[in-house]
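First up is the structure itself, then whatever we jot down about it.
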Amino acid sequence: MAAPGRHVGHYIQRNGRFLLCNIEQVLGHRSFGWTPAVRQQAAEVNQELPESIVIPKKKTWSKEAVLEALSSTVGRDPTACPYMFQDDPFLTPRTSTEFRMFALSQESGRDAAKFFINSNPKFFTKDFAEPHIPCLMPKTVSLVLEEVSEEALKERINLRKVSAAVDMYDQLLQAGTAVSMETTHGLLDLICFYCDKDPAEEEEPQREDTDSDEPKPKGRIHRASDFIKLTWKENNNAERIFNLLPERDTRCYSALIRGMVKYRAPAKAYSMYTDMLNNRVTGDVHIFNTLISSVVHLRVNYEARWELVTELLYQMNQQKIRPNILTFNSVLQTLRRCGPIGKSLSLQTVSEMKALGIAPSLATYEHILCLFHKPVAQKQYGADILQEIVSELEGTSLTCQDPNDVLFFATAMRVCVDTKELELGYKVHSLTEFGENYKLQGVPYQRSTYYGRFFNLLCMMEHVDAVLKWYRRLIPSLFYPNVQGMMDLLQCLDTDNRLDLLPDIWKDIKTVGHENKSEVVEEVLQLMAREKHSPEVQESFATCALDVKNEFEVKRLLQWSNLSLSNVTIVLLRANKTQMAWEMLELFKSYNRVPSKEVLDAFLTVCHSDGTPQKAVELVQAAAALCLLQTPTLATRTLAEFDLTEEQRAILTELEAAGEPSD
Amino acid sequence: MAASLSSAGTVRVLSTLARSSLLCSSSGSRGLHVTAACCKNRAARTRVGKGEKPLTYEQAFHPHHIGHCKGWLSQHTSNLKGEEGAAERTMEDVFIRKFMFGTFHGSLANEIVLKRRGNMLIVCALMIQKMSPLKFYFLIGYTETLLSHFYKCPVKLEVQTLQDKAVYKYI
């Protein structure tokens with residue numbers, strides 16, 4: 001096949017244009033291949049309509065068309081699943097629960113593999129990687145050295161075996177060997193960091209809720225270490241070893257004080273600190289940082305807290321220790337719990353910080369924002385502070401200097417929502433999109449809080465087209481909306497009169513997993529049934545309503561209520577699906593629900609237009625069977641509007657009469 | 001089906017190796033390894049049945065169709081001129097196929113395709129939706145880590161799932 005192709009190529013090259021015109025007519029419907037886009041004639045049309053052949057105009061592309069098409073592929077793809085998952089519809093998570101569960105199961109698979117690798121290292125030691133890749137070699141997790149020596153102690157410290165290290169140290173002391181200061185420091189650090197217990201091996205990292213979709217309360221913690229409520233025990237190994245030491249220097253004190261503060265013994269930490277001062281040992285910056293952050297537990301009164309903080313800072317100055325960013329951030333964190341004096345003092349702190357030449361980090365800004373914008377809608381400061389912060393940070397690459405940096409974006413967005421500043425929200429969002437700043441959005445929970453609030457702001461303030469554009473961009477690639485988010489979206493559609501999009505939104509609701517939430521479903525039905533729309537829209541509403549009915553009936557996810565049944569019936573009637581509407585009436589009876597007045601009126605109107613008086617009479621009888629109050633009015637109306645036979649009239653008059661006395 | 005096919009292939013390789021080592025052994029130790037032979041007119045060809053045997057596209061075409069209607073299941077550059085390591089790559093491939101077959105037991109819809117790009121090994125697999133996605137992800141994480149540590153190179157899995165095996169024809 002190759003050889004003849006060459007000849008054809010030559011022929012075409014020589015008689016190019018002439019051939020092309022001929023071939024195009026012959027190869028009518030296979031119009032791709034070697035014709036460039038400029039001469040693309042939509043010859044597909046020829047096949048369909050023999051009556052009217054509409055030949056559209058020639059398509060012309062601008063000079064930058066290719067570049068524009070290429071540029072649309074650069075940047076984040078909003079239709080792609082998150083990169084850590086496999087690109088397959090069955091394996092892509094659709095709700096935030098699924099996201100978490102899939103990520104966790106993948107992680108646990110990796111841990112299982114690491115367990116096998118580390119427990120059978122002999123199969124994995126053959127090293128043919130050039131250069132050597134240390135992270136792909138098995139790690140030694142079991143102890144090698146057994147004799148009583150300092151090397152063995154160091155090994156135990158490296159492998160984080162707390163109790164084994166303490167035993168080894170005791171044995172060394174009994175044997176009389178001196179242990180170097182370095183190793184002792186390491187040992188004390190180890191014991192204080194783990195509060196004298198062996199670190200548990202990766203128990204389920206998130207043992208908490210499976211009741212996921214509700215937004216979690218703000219202060220809730222997620223790590224396993226916080227669930228095991230360790231507290232610093234009296235006279236544990238750390239203190240014992242500390243007291244046995246002949247000379248104690250800064251690092252020993254530092255380890256103990258930090259351990260005590262971490263494990264909820266701030267009073268002891270403070271007394272150890274005064275001990276340290278009495279023994280004339282200088283502190284270091286870490287000691288002061290932890291002490292300042294623990295002031296809240298040491299004093300209750302606001303002024304007393306601030307006094308203690310100033311005292312600590314003064315002593316820090318006396319000992320000539322230079323504060324760092326964490327110092328100032330802990331001061332601000334304490335000021336948050338200092339009541340009304342916190343605001344002015346925080347600004348003074350920031351100016352001190354700038355005077356020392358320390359650049360504020362995101363955690364600093366977050367503390368200030370929280371100080372000036374309490375969650376209880378006080379708006380006296382407007383959003384000026386946030387404006388300033390954002391203009392200062394604009395276009396900068398942010399790095400993480402403090403563990404609390406990740407809370408900044410969620411707080412900033414909360415401020416924007418509270419002050420209803422849309423432009424500011426956009427600016428904050430562009431800050432996250434710059435460079436690598438997205439990494440500072442924190443764990444998935446923080447990220448979903450941030451995006452939830454952002455979407456809330458958009459739904460409140462923006463026109464529905466813009467909202468839908470952002471909706472497509474954010475969901476589901478960046479976050480999975482919760483019930484509040486969906487309700488906001490529905491409200492926005494309502495405000496801007498785009499209720500024709502309801503069936504599409506309903507499909508999305510099902511995808512995200514909110515079809516079992518009664519408030520969402522009720523809201524959707526309510527919006528569909530409220531007004532009369534154009535016929536196509538009513539058709540789509542009817543299909544949607546039938547789908548909702550499916551959710552109730554077949555999947556049994558929810559319980560019918562009066563309102564939902566009535567709304568579905570009304571929608572079906574408006575779309576002229578009369579037969580199904582009659583079936584709905586049966587459902588009313590079986591579920592013991594009462595149809596509303598509009599339903600019955602709508603039924604009567606339909607019967608009138610269809611010309612079925614018998615059905616009308618049946619309807620009134622059904623209403624009487626349900627003991628509805630509207631029975632007499634219905635009967636009157638039927639008598640008036642329809643031409644009935646004698647027996648029908650008799651029945652109706654009876655019902656009319658029967659209704660009245662029971663008023 | 002996949003296991004039996006590949007084991008027949010290995011067997012053939014092993015028998016050739018055994019014979020060649022027999023020829024060039026000069027140190028005095030003579031071993032005779034005899035394995036079952038798989039002739040070339042039977043390799044990777046499914047025998048015709050009564051019309052009830054389903055075949056995937058891969059199984060329906062015979063080895064001489066490779067390059068015409070079939071692609072290659074294992075893609076690496078060590079068969080080019082001047083490149084080394086073809087035998088090692090083949091052994092790695094055999095191991096990986098057996099490993100995948102055992103780990104995702106019963107879920108493989110078709111043969112594994114192995115691609116080597118630079119340092120990376122990309123394992124493309126077509127799976128049947130037999131397990132829940134959670135179990136799939138557990139096994140995917142496990143396989144990737146284990147194979148990476150074993151072969152000292154990044155191993156990535158690309159999985160696509162189907163409802164059932166894609167039958168091309170019945171024989």
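Sequence lines set the chain letters: A, B, ... in the order given, protein chains first and strands last, and positions in each chain run from 1. Treat the numbers as computed from the prediction; the structure is a model and nothing was measured.
- More than 12 heavy atoms of other residues, nucleotides or ligands lie within 6.0 Å of CD in B/Q129, so this atom counts as buried by the packing criterion.
- For B/K152 (side chain) and A/F124 (main-chain N/O), a donor-acceptor pair under 3.5 Å exists by modelled atom type.
- Between the CZ atom in B/F138 and the CG atom in A/L104 there is a gap of 12.5 Å [rounded to 0.5 Å].
- Taking NZ of A/K126 as the reference point, atom OH of B/Y151 lies at 9.5 Å (rounded to 0.5 Å).
- Annotation for B/R116: atom CZ counts as buried by contact number, over 12 foreign heavy atoms lying within 6.0 Å.
- Your options are B/T145, B/T161, B/L146, and the one with the most heavy-atom pairs under 4.5 Å with chain A is B/T161.
- Remark: A/R76 CZ is packed, more than 12 non-hydrogen atoms of other residues, nucleotides or ligands lying under 6.0 Å away.
- Residues A/S105 and B/Y137 come closest through the heavy atom pair OG-CB, 3.6 Å.
- Under a cut-off of 6.0 angstrom, the local environment of CZ in B/F95 is crowded, with over 12 non-hydrogen atoms contributed by other residues, nucleotides or ligands.
- Within a 6.0 Å sphere centred on NE2 of B/H105, heavy atoms belonging to other residues, nucleotides or ligands number 12 at most.
- Applying the 6.0 Å contact sphere to CD of B/E84 captures no more than 12 heavy atoms from other residues, nucleotides or ligands.
- Put simply, of A/P89, A/A129, A/A113, the one with the most heavy-atom pairs under 4.5 Å next to chain B is A/A113.
- Within the 4.5 Å cutoff, no side-chain heavy atoms of B/I140 are placed close to those of A/F85.
- Residue with the most contacts toward chain B among A/F102, A/F123, A/F128: A/F102 (heavy-atom pairs, distance under 4.5 Å).
- Checking each of A/L91, A/D88, A/D87 against B/V159 for a side-chain contact (heavy atoms from CB on, under 4.5 Å) leaves exactly one that passes, namely A/L91.
- The heavy-atom pair separating B/E158 from A/Q86 by the smallest distance is CA-OE1, 3.4 Å.
- Proximity to chain A (any heavy atom under 4.5 Å) is shown, for B/F150, by both the backbone and the side chain.
- With a 4.5 Å cut-off on non-hydrogen atoms, B/M127 does not touch chain A at all.
- Within a 6.0 Å sphere centred on OH of B/Y170, heavy atoms belonging to other residues, nucleotides or ligands number 12 at most.
- Pairing each heavy atom of A/C135 with each of B/H149, the nearest pair is O-NE2, 3.4 Å.
- Heavy atoms from other residues, nucleotides or ligands lying under 6.0 Å from CZ of A/F116 number 12 at most.
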